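As structure tokens, the structure follows; a few thoughts come after it.
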Amino acid sequence: MKLSKIRVQDEPARLEWWRRKLQTDKDIVILSMSEIMENKGTKRYCHIFADVARVEDMDTNNQKP
């Protein structure tokens, strides 16, 4: 299975928006997603990590999310 690793950095309220967008996207499967973590040196920006796969990649391996 091919997967991609994504790091999104933004303000905490906007990260919640990104989490919802990633979770509702029909073209990708979320394999794992981290909690919101603070960046070192700033309280304004935080980040999340996500491991994702394209739906097509999941189908070619006969795997279900």
Side-chain angles (χ1 to χ4, degrees):
M1 167 182 30
K2 295 179 181 180
L3 67 96
S4 299
K5 295 184 176 277
I6 298 174
R7 179 180 194 256
V8 181
Q9 177 177 306
D10 210 332
E11 295 173 346
R14 291 178 52 92
L15 281 177
E16 286 298 332
W17 181 88
W18 278 109
R19 286 174 69 102
R20 286 192 309 273
K21 278 303 211 186
L22 287 170
Q23 290 170 340
T24 58
D25 191 313
K26 292 177 175 44
D27 293 326
I28 62 173
V29 176
I30 303 293
L31 303 171
S32 69
M33 188 175 298
S34 71
E35 296 297 320
I36 294 176
M37 298 178 274
E38 289 186 357
N39 284 352
K40 292 181 182 176
T42 179
K43 298 250 184 221
R44 181 176 180 184
Y45 295 105
C46 298
H47 63 274
I48 56 173
F49 294 106
D51 291 339
V52 301
R54 297 184 318 173
V55 171
E56 300 88 39
D57 291 339
M58 298 297 285
D59 290 343
T60 58
N61 292 323
N62 296 325
Q63 297 180 358
K64 295 181 181 178

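Side chains are part of it too, since the values below use all heavy atoms of this structure and drop only hydrogens, waters and symmetry mates. Keep in mind that what you see is a predicted model, and the values were worked out from it rather than measured.
When all heavy atoms of R19 and S34 are compared, the closest pair comes out as NH1-O, 2.6 Å. The minimum heavy-atom distance between I30 and Q23, with the atom names listed, is CG1-CA, 4.3 Å. Annotation for I36 and C46: closest pair CG2-CB, 3.6 Å, computed over non-hydrogen atoms. Between A53 and M58, the shortest heavy-atom distance links the atoms CB-SD, 3.9 Å. Taking all atoms of both residues into account, the shortest heavy-atom contact from V8 to L15 is O-CD2, 3.6 Å. Across all non-hydrogen atoms, the minimal contact from H47 to E38 is CE1-O, 3.8 Å.
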>> Assess the residue pair K2 and R54 against the criterion (side-chain contact (heavy atoms from CB on, under 4.5 Å)); give the C-alpha distance rounded to whole Å, side-chain angles, the decisive distance to 0.1 Å, and a yes or no.
In response: CA-CA 8 Å; K2 295 179 181 180; R54 297 184 318 173; over 6 Å; no

> Would K26 and V55 satisfy side-chain contact (heavy atoms from CB on, under 4.5 Å), going step by step from the backbone distance to the final call?
Replying inline: CA-CA 8 Å; K26 292 177 175 44; V55 171; over 6 Å; no

> Can you list the steps and then say if M33 with F49 is a side-chain contact (heavy atoms from CB on, under 4.5 Å)?
Replying inline: CA-CA 6 Å; M33 188 175 298; F49 294 106; over 6 Å; no

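Distance check, rounded to the nearest 0.5 Å: CZ of R14 to OH of Y45 gives 9.0 Å. For the atom pair NZ (K5) and CG (L31), the distance works out to 9.0 Å, reported to the nearest 0.5 Å. With values rounded to the nearest 0.5 angstrom, D57 atom CG is found 12.0 Å from I28 atom CD1.
Hydrophobic clustering (side-chain heavy atoms under 4.5 Å, transitive across Ile, Leu, Val, Met, Phe, Trp, Tyr) groups I6 together with W17.
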